[in-house]
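Report on the following structure.
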Amino acid sequence: MSALSRSEDMARCAAVLGRRFYDDDVRNVAARILCKLLLREIDGSICGGVIVEAEAYLAVGDPANHAYRGLTERNRSMFGSPGHAYVYRIHQQHCLNVVTEPEGIPSAVLIRAIQPIWGVEIMLANRKGKGIVGLTDGPGKVCQALKIDLRYDGWDLTLGKELWLAELPSELKPPEFEIAISERVGVTAAKEMLLRFFIFGNEFVSKPRHARKLVRSTDLPSRHDDT
DNA sequence: CTACCGATTGACT
DNA sequence: GTCAATCGGTAGA
């Protein structure tokens with residue numbers, strides 16, 4: 001068996017994130033989603049990598065949230081149960097969010113960047129010949145590389161097929177990392193809120209990379225229902 | 001129905 | 001650093 005197929009087996013065997021992971025405070029999920037895997041199966045091949053950057057959009061008091069003014073046709077998925085995808089379109093691009101918190105509470109985490117690991121050749125082809133650096137450092141780029149579009153709006157991410165999230169296999173796990181917190185990128189409302197989370201020092205994070213705060217991965221708050 | 005605009009990207013100064 | 005492309009969602013007439 002080749003190293004490549006062993007690697008793909010590693011991705012296929014990684015523990016799928018279940019509903020409980022998403023059924024939590026959206027800021028908690030945005031921080032804890034770092035170093036998880038985003039995986040996609042395209043024509044029988046695994047594509048994806050490690051999530052290195054994400055943003056939280058709050059259900060309350062966040063005018064940058066698409067659901068700030070209530071339910072619309074576009075944002076309907078955000079009102080659904082946690083662990084489903086909210087995919088929307090902007091400027092000819094698609095952006096992938098994971099829905100968090102209990103059903104009816106419209107909060108979500110935007111996946112802004114991944115570190116490419118599996119199916120790099122396929123992702124490069126989907127992005128038309130750009131290099132590995134810059135392949136998936138932005139929410140639109142992630143969706144281009146992984147062929148994620150509106151068909152996946154409302155997709156259940158806990159099924160472990162087509163499009164899902166999984167734990168980082170222990171073989172790949174770094175001992176510890178620092179989480180940087182900053183203002184969100186590109187928003188025109190609530191610019192000052194510190195709701196962007198990224199792995200400090202990782203080269204696959206989009207710019208800017210200035211950190212307003214730093215938190216150790218081992219110091220994250222526990223789940224709301226942990227005791 | 002029309003008008004406005006963006007949780008982006010890529011090209012350019 | 002700046003800026004245009006480009007089009008579906010949204011709000012308003």
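Residue numbers start from 1 in every chain, and the chains themselves are labelled A, B, ... in the order their sequence lines are given, proteins ahead of strands.
When both distances must be under 3.5 Å, the Watson-Crick or G-U wobble mate of B/dA7 does not exist.
With rounding to whole Å, A/N75 atom CG is found 14 Å from C/dG8 atom C1'. Atom-to-atom, CG of A/D149 to C1' of C/dG8 comes out at 14 Å; the value is rounded to the nearest Å.
A donor-acceptor contact shorter than 3.5 Å links the side chain of A/E101 to the backbone of A/V26. Checked by atom type and distance alone, the side chain of A/E176 never pairs as donor or acceptor with a backbone atom of A/R216 at under 3.5 Å. For the pair A/S77 (side chain) and A/D153 (backbone), a donor-acceptor distance under 3.5 Å is absent.
Cluster annotation: A/I111 is connected to A/L150 through the hydrophobic network of ILVMFWY side chains, with a link wherever side-chain heavy atoms come within less than 4.5 Å.
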Discussion item. Protein within reach of the bases, or only the backbone? For nucleotides 3-13 of chain B, mark each nucleotide 5' to 3' as B, S or -, using heavy atoms under 4.0 Å.
Written reply: ---BBBSS---

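Contact annotation: A/T72 does not reach the phosphate of C/dG9 (side-chain N/O to OP1 or OP2, under 4.0 Å).
Taking a 4.5 Å side-chain heavy-atom cut-off between Ile, Leu, Val, Met, Phe, Trp and Tyr, the cluster of A/L110 extends to A/Y57, A/M78, A/Y86, A/Y88, A/I90, A/V99, A/V187.
A/R19 and A/S81 are not linked by any side-chain donor-acceptor pair at a separation below 3.5 angstrom, with hydrogens and angles left out of the test.
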